[in-house]
Structure formats: C-alpha cells, structure tokens
Amino acid sequence: MNEQEKRSPGNFIRQIIDQDLLEGKNAGRVHTRFPPEPNGYLHIGHAKSICLNFGIARDYAGGLCNLRFDDTNPHKENVEYVEAIMDDVRWLGFDWGDRLFYASHYFERLHDFAVELIKAGMAYVCDLDAEEVRAYRGTLTEPGKESPYRSRTVEENLDLFGRMRAGEFEDGARVLRARIDMASPNMNMRDPTLYRIRHGVVHHQTGEAWCIYPMYDFTHPISDALEGITHSLCTLEFEDHRPLYDWVLDNISIDCHPQQIEFSRLNLQYTVMSKRKLTQLVDDGYVSDWDDPRMPTIAGLRRRGYTPESIVEFCDRIGITKADNSVEMGILEACIREDLDSTAPRAMAVLHPLKVVIKNFPEGELEELDAPNHPKDEAMGKRKLLFTREIYIDQADFREEAPRKYKRLVSGGEVRLRNAYVIRCDRVIKDAAGEIIELHCSYDPATLGANPEGRKVKGVVHWVSASHGVRAEVRLYDRLFRHPAPDQDKSVASFLEHLNPDCLHTLSHAMVEPSLADAVPGARFQFEREGYFCVDSKESSPDRLVFNRTVTLRDSWARIERQGG
RNA sequence: UGGGGCGUCGCCAAGCGGUAAGGCACAGGGUUUUGAUCCCUGCAUGCGCAGGUUCGAAUCCUGCCGCCCCAGCCA
C-alpha cells in the first residue's frame with residue numbers, strides 16, 4: 001500500500017524557504033543538515049531539530065538533509081555516541097542516504113582555509129594564554145584591547161601556525177585567532193579563536209593525526225558550504241554567531257554561502273535538556289544509563305515505550321518559532337496516548353493483586369473466554385482468557401465501603417469482570433492485622449456477554465486467573481523532577497535537589513494474563529484501565545517478564561477522588 | 001549598563017492592515033463490558049503597556065516595560 005506521506009505544518013523557516021524558492025535562490029535547491037556533536041545521547045530537543053531539518057528535506061521537491069557529526073572537540077566525544085546518534089535518527093524514521101559526514105574529515109581543507117586567512121592578513125597566531133585572552137577581550141560594556149601579537153607578519157604567522165600543526169608547542173601555548181575587531185559590540189567578533197592545540201587525545205575519527213583542532217565557529221560555516229547546504233538551521237543562542245559565520249565565508253575562497261536561521265530550543269517541563277546535566281544524571285548514577293526510561297533522551301523514550309510516530313507528532317505540534325517556550329509534558333503524553341490507543345493491543349494485568357475466590361465456580365475447572373484485542377479494531381483479532389475459580393483483581397478495585405461515585409466492587413456489591421461475568425462480593429477475609437487478604441465472591445453465569453436481569457452493574461474491573469496468570473515485574477515511571485524547571489530555580493544549589501524520589505516504583509508481584517507470556521521485547525500493550533506498557537527491551541526475558549509503563553490512561557476517577565469525591 | 005533576540009488563552013501556536021485558527025489542558029453533556037476511546041458544547045470584546053497613523057491595527061510608527069542569550073583555547 002502506498003501511503004500518503006505526512007507533511008509537517010508550516011513555520012517561519014519554511015516561509016523563508018518558500019520565498020527563496022520563489023526568488024530562484026540556490027538554483028531551486030533545498031539542502032539542510034543535522035549536525036550533532038557526538039558527546040552524548042540525543043534528546044527530545046534534538047528530535048525537534050531532526051524533524052525540522054529532515055522534515056524540510058522530505059517535504060520539498062528534491063530536498064536533502066545530511067547527517068554530520070560536529071566532532072571538533074575530541075576530548076568529550078566517542079564512537080559509542082556516534083553510533084547511538086545514528087540509531088536514534090534512523091529509529092525516528094529519517095534517512096540521510098549516503099550523506100553521512102564528519103567535520104573532522106574536513107580537517108585538511110579547514111587547515112588550508114586557515115592558511116588562506118593568514119595569508120590574507122585575516123588571522124594571526126596569538127601567544128596570550130587563556131586568562132590573558134579573557135582579560136584582553138573586554139566586557140559587555142567595554143571594548144577589548146588588541147593582542148600584542150595581532151600585528152605579526154604573514155610570514156611569521158605562517159611559520160608559527162605550521163609549527164603549531166607540527167606539534168612544536170604545548171597545549172594552550174598559542175592559538176590561531178581571526179583578526180576582526182576587538183571593539184566590536186558583539187563579543188564573538190573580538191578576534192575569536194579559530195584553532196587550539198590539543199595533544200594526547202585520540203580522536204575517534206582522525207586518531208592522532210592532528211594536534212590542532214578547529215573551533216566550531218570556524219568549522220561550521222565551512223562544513224555547511226562544503227556540503228552545499230542552503231539553509232543552516234540552529235538554535236537561538238547562535239544568533240550572535242551569525243556575523244562570524246558570514247565573516248568566515250566572506251573571507252575565504254568558497255563559492256557557497258548558506259543562510260543561517262535560528263529557532264528556539266525546546267524546553268520541556270519537569271525534565272532537563274542540557275547535555276551537561278544529562279551526563280551528570282548518568283555518571284552519578286541518578287538514572288541507570290542514557291536509555292533509562294525516565295530520561296528525555298530518544299533512547300530513554302524508546303525504552304519507555306514511546307513510538308517514533310508519537311515523537312514526530314509531538315515535534316509537529318509544538319512548532320518552530322523564535323519565542324522562548326516551556327512545553328508541558330501533557331502534549332507529549334497526549335501524542336503517545338493517541339498513537340497507542342489505535343495501535344496497541346489490549347491486555348489485562350493486575351498490578352496490586354488481591355485474591356478473589358469464586359465460590360460457586362467449580363474447583364479445577366477452566367473456562368476459555370474470547371476477548372477482542374481492540375475494542376474498535378476487529379482486524380486486531382482476539383485472544384483466549386482463562387477463567388478459573390481463583391482470580392486476582394487489583395486492590396484499588398475493592399473497598400469495604402464505597403465512597404461517593406465509587407463504582408467498583410464493595411462488600412455485598414456487584415461488579416463486571418472485564419470480558420467475563422458479573423460477580424458479587426459475599427465475604428471479606430482479613431488477616432490478624434485486619435488487612436484484607438481475600439474476597440469470597442459468587443458469579444452470575446447468565447452475565448457472559450449479557451447484562452444481568454433486573455439490575456444495573458456499573459463498574460467493570462480487570463482480572464487475571466490466579467492459577468494461569470503470569471508473574472511479572474512492572475515498573476511505574478513518573479516525572480524525573482518535581483519542579484517544572486529544575487535547572488532554572490536559583491534558590492537551590494543544584495537541580496538535583498528537585499529530583500523526584502517517586503519517579504520509579506517497581507512492582508515485582510504483578511500478574512499478567514497468560515497471553516502475555518511470550519510477549520517480545522519492545523512490544524507495546526494497553527493494560528486495560530491502567531495505561532500503556534511495553535516489554536522492557538533490556539531486562540525482560542521469557543522467564544522474568546518486565547514491563548515499563550509508558551504513560552497512564554487519562555484518569556477522570558483520580559480527579560474526582562482528588563476533589564473529594 | 002554594550003550587542004543580539006523574544007512578548008497572542010494555563011502551555012504550545014496560527015495570524016503578515018479588513019475585524020483573534022488549531023492543538024494540549026480545563027469545565028459541562030452524550031455513548032461505552034476500559035471512570036479509556038469516541039462524540040457534542042464551552043473556554044482571549046482582546047494580542048506586554050501607553051500613545052500615534054488609518055474608515056479600520058495583534059499586524060504600521062513612537063516611547064516605555066518585561067523576559068532570554070553573549071565576556072570557552074565548548075558546541
């Protein structure tokens with residue numbers, strides 16, 4: 001079947017591209033790129049950028065999007081990240097074809113452009129150390145001072161830069177700087193560093209071939225131009241860098257000049273998005289790894305049970321603008337609920353088992369019942385349920401006395417067992433401590449697929465056969481932080497103080513219906529009346545099933561209860 | 001306080017001089033063997049504020065106010 005590809009909604013960047021096309025710019029080409037630094041895992045904020053860049057390539061005729069690793073700072077980068085990033089982009093459903101690039105593969109050409117700048121008197125080798133450079137740079141309100149090395153001759157600069165490359169100088173001894181304007185009101189234009197010396201690091205791509213590494217501001221515009229990028233999309237904090245981006249391309253001999261356009265980065269409530277903080281959560285063990293289901297990483301969301309479609313939909317819904325934003329988790333959750341509601345097969349799982357003995361159902365007897373896998377989509381088929389004398393229901397579905405509006409099982413009351421019979425609670429069994437340990441009930445054999453005669457039974461509860469159910473571990477996740485903007489609160493010493501101590505509840509005695517016994521890692525289900533769950537892709541096995549709760553169902557009862565019933 | 005940006009409903013976001021889209025959330029109601037889904041209904045006389053231009057302004061002009069980013073040999 002040839003499905004209609006979905007187009008993303010318009011935004012100001014697409015308007016610019018439309019206009020460019022109208023004016024015949026770039027010979028009608030549209031070419032973007034997604035340029036992550038491989039120094040960590042991708043997060044939902046990157047997904048926004050991926051959807052923007054690859055989405056534009058998808059929606060414009062002849063559009064292309066490159067994947068390029070911005071790997072100019074070997075210190076923090078490694079191949080694990082490179083591979084994880086490629087996995088994540090692919091998983092989201094995007095394809096860079098044969099256009100996989102590394103900024104580091106341009107090192108030789110970058111070097112040649114640097115030499116060109118030196119020869120043109122536009123760059124010089126500076127011997128000031130880091131602290132001196134800072135002091136010379138001036139402040140936001142005062143102009144900087146020119147470096148005493150600023151007027152070195154071209155010959156001297158060429159010689160020194162060559163010796164930097166040859167490894168004659170130690171880390172930090174010298175840098176190559178652009179010669180622009182120390183009095184510029186834009187700090188980025190006050191003779192920015194172009195190259196620094198880094199000995200003793202093995203670059204994941206170039207090994208030990210280089211001991212000088214180009215800076216982002218020098219590398220990025222050239223990499224874009226070399227790849228024929230037409231629109232270089234980045235986040236707002238690079239707005240001040242645009243004059244430098246343009247300066248670099250205006251002062252070297254290169255015939256391509258991409259247009260840099262900035263948009264606001266995603267801020268998602270109740271989590272953090274900075275790579276430094278995510279790295280800290282992993283390194284200090286606050287979460288199990290980058291793919292911990294509580295992490296806002298693509299890998300974490302995937303393991304949590306999010307679908308790529310739901311994340312792409314989320315990115316479409318939040319849009320692209322230049323306004324600072326603080327997006328509610330509710331939007332992300334609505335996206336995954338919408339997707340899973342139509343695609344996830346239903347199943348029953350009892351999270352907090354309470355034994356129910358159906359006294360008028362024969363001991364040892366087994367009744368097979370049919371249950372649809374989806375209430376609306378018959379094509380999803382049906383499965384067998386095993387009804388037995390002893391079953392489990394959830395502790396939350398029984399109360400000795402009913403609060404207002406409560407419509408589940410109460411002493412002496414009736415309730416519908418989902419896909420099965422109506423039962424009545426005849427007796428409540430407690431232990432010495434007064435804890436309810438068992439319910440004695442009776443079922444009405446006339447209520448299978450039919451409403452009982454002469455009375456209305458409002459409640460429906462899910463259940464699992466006690467003898468045939470399968471024990472499983474269920475992990476209930478909640479927001480990682482209890483503060484909507486944990487990294488913005490200046491009143492605490494660290495964002496870690498806002499970590500939510502209840503972000504993970506592990507239930508090791510849950511019981512799931514027998515049909516789930518052979519559920520494969522990653523498989524997603526709706527556990528009826530509970531939420532959407534997936535089989536953990538890392539730790540679940542046939543003899544020890546582990547389910548992750550992706551998201552709860554909307555729960556209007558919880559709201560009623562909260563408001564005092 | 002220099003420079004660069006941004007302010008439209010609780011959140012996101014259309015709007016581009018012709019009289020405030022949509023989504024999420026929220027509140028009511030209907031259907032329902034998931035308190036789910038689905039379906040109705042409601043939800044900005046007003047677009048940061050104040051002036052001005054215009055027959056007409058969220059859109060243009062002026063002046064304020066507020067928020068974000070920039071002083072890495074990070075990206």
Side-chain angles (χ1 to χ4, degrees), chain A residues 9-12 15 35-37 39 70-73 75-76 126 128-130 133-135 137-144 171-177 184-190 192-198 213 215-217 219-220 234-243 262 264 266 269 275-276 316-335 337-338 341-342 346 348 371 374-376 405-408 416-420 422 447 449-451 457-462 484 526-531 552-561:
Chain A
N11 56 54
F12 80 97
Q15 287 179 1
E37 182 187 14
N39 66 344
D70 230 329
D71 54 349
T72 55
N73 186 6
H75 187 68
K76 302 186 292 178
C126 181
L128 258 23
D129 65 32
V133 168
R134 193 187 323 133
R137 187 154 30 229
T139 68
L140 295 178
T141 50
E142 305 157 53
D171 286 15
R174 295 181 221 261
V175 292
L176 182 72
R177 291 228 255 166
S184 172
N186 181 345
M187 300 298 274
N188 295 299
M189 300 299 270
R190 321 245 262 228
T193 300
L194 266 22
Y195 269 88
R196 74 285 216 186
I197 301 170
R198 286 285 176 276
Y213 289 92
M215 300 286 288
Y216 165 88
D217 282 313
T219 308
H220 209 85
C234 62
T235 42
L236 246 29
E237 68 271 25
F238 292 103
E239 215 151 15
D240 285 344
H241 294 240
R242 191 179 346 127
E262 311 83 11
S264 58
L266 167 65
Q269 294 183 359
K275 227 176 271 189
R276 203 206 104 234
D316 282 346
R317 287 191 194 184
I318 60 173
I320 299 287
T321 67
K322 294 182 72 124
D324 289 331
N325 58 75
S326 173
V327 175
E328 291 176 348
M329 274 289 185
I331 298 183
L332 220 207
E333 293 175 345
C335 291
R337 285 193 185 110
E338 181 181 288
D341 175 56
S342 58
R346 311 288 122 122
M348 293 198 285
H374 191 99
K376 291 180 177 171
K405 292 187 177 171
Y406 190 80
K407 54 185 199 188
R408 306 176 187 181
R416 156 79 61 185
L417 292 177
R418 176 73 166 155
N419 296 123
V422 168
T447 56
N451 284 324
V457 175
K458 278 182 300 187
V460 179
V461 303
H462 53 98
Q526 184 198 93
F527 287 172
E528 288 190 295
R529 303 208 313 128
E530 291 289 356
T552 62
L553 254 29
R554 278 185 73 232
D555 187 355
S556 53
W557 165 245
R559 201 173 305 127
I560 294 169
E561 214 174 18

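Here is the naming used below: chain letters follow the sequence lines, and residue numbers restart at 1 for every chain. These numbers come from a predicted model, not from an experiment.
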Under the criterion side chain to side chain contact (heavy atoms under 4.5 Å, CB included), which of R408(A), R529(A), K407(A) is the partner of W557(A)? R408(A)
To the nearest Å, give me how far apart [atom1] ([X]) and [atom2] ([N]) are.
X	N	atom1	atom2	result
H374(A)	rU33(B)	NE2	P	16 Å
F12(A)	rC12(B)	CZ	C1'	15 Å
E328(A)	rA13(B)	CD	P	12 Å
N39(A)	rC74(B)	CG	C1'	9 Å
L417(A)	rU33(B)	CG	C1'	10 Å
K376(A)	rU33(B)	NZ	P	13 Å
K458(A)	rU34(B)	NZ	C1'	16 Å
L128(A)	rA71(B)	CG	P	18 Å

RNA chain B: N419(A) or A334(A), which has the more 5' nearest nucleotide?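 That would be A334(A).
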Comparing D71(A) with G10(A), nearest RNA chain B nucleotide closer to 5' gives the residue G10(A)
[N] OP1/OP2 closer than 4.0 Å to side-chain N/O of [X]:
X	N	value
R198(A)	rC74(B)	yes
R529(A)	rG35(B)	yes
R559(A)	rA27(B)	yes
R137(A)	rC73(B)	yes
S326(A)	rC11(B)	no
Q269(A)	rA25(B)	no
R196(A)	rA75(B)	yes
T72(A)	rA75(B)	yes
R554(A)	rU37(B)	yes
R190(A)	rA71(B)	no
S556(A)	rA36(B)	yes

Candidates [options] - which lies nearest the side chain of [X]:
X	options	result
I331(A)	rA71(B), rC70(B), rG23(B)	rG23(B)
E239(A)	rG4(B), rU37(B), rC24(B)	rG4(B)
K322(A)	rG5(B), rC70(B), rC24(B)	rG5(B)
P185(A)	rU34(B), rG3(B), rG7(B)	rG3(B)
P375(A)	rG2(B), rA36(B), rU33(B)	rA36(B)
M187(A)	rA71(B), rC24(B), rG4(B)	rA71(B)
M215(A)	rA13(B), rC74(B), rU1(B)	rC74(B)
N188(A)	rC70(B), rU34(B), rC73(B)	rC70(B)
E37(A)	rA71(B), rU34(B), rC74(B)	rC74(B)
D70(A)	rG5(B), rA75(B), rC12(B)	rA75(B)

Roughly how far apart, to the nearest Å, are [N] and [M] at atom [atom1]?
N	M	atom1	value
rC60(B)	rC55(B)	C1'	16 Å
rG56(B)	rG22(B)	C1'	26 Å
rA21(B)	rA14(B)	C1'	6 Å

For W557(A) and rG35(B), do the ring centres fall under 5.5 Å apart while the planes stay under 30° apart? yes
Quick one: does R346(A)'s side chain have a donor or acceptor within less than 3.5 Å of a partner on E528(A)'s backbone?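 No, R346(A) side chain to E528(A) backbone: no donor-acceptor pair under 3.5 Å.
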Has the side chain of N186(A) got a donor or acceptor atom that lies under 3.5 Å from a matching backbone atom of D240(A)?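 Yes.
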Heavy atoms only, 4.0 Å cut-off, all strands: where does [X] land among base, sugar-phosphate and nothing?
X	result
G330(A)	sugar-phosphate
V175(A)	base
F238(A)	base
N325(A)	sugar-phosphate
H75(A)	nothing
T321(A)	sugar-phosphate

Do N451(A) and R416(A) make a side-chain contact, defined as non-hydrogen atoms from C-beta onward lying under 4.5 Å apart?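 When only atoms from C-beta onward are counted, R416(A) and N451(A) do touch, with a gap below 4.5 Å.
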Less than 4.5 Å apart, side chain to side chain, heavy atoms only: is that true for N325(A) and L266(A)?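 Touching, per the 4.5 Å side-chain cut-off.
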Looking at rU34(B), does its base get a donor-acceptor pair with the side chain of Q526(A) below 3.5 Å?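 Such a pair exists between side chain and base.
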Ignoring hydrogens and geometry beyond distance, is the side chain of R408(A) in donor-acceptor contact with the base of rG35(B) at under 3.5 Å?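 It does, because a donor-acceptor pair links the side chain of R408(A) to the base of rG35(B) below 3.5 Å.
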Under 3.5 Å on both distances, the Watson-Crick or G-U partner of rG7(B):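 rG7(B) is paired with rC65(B).
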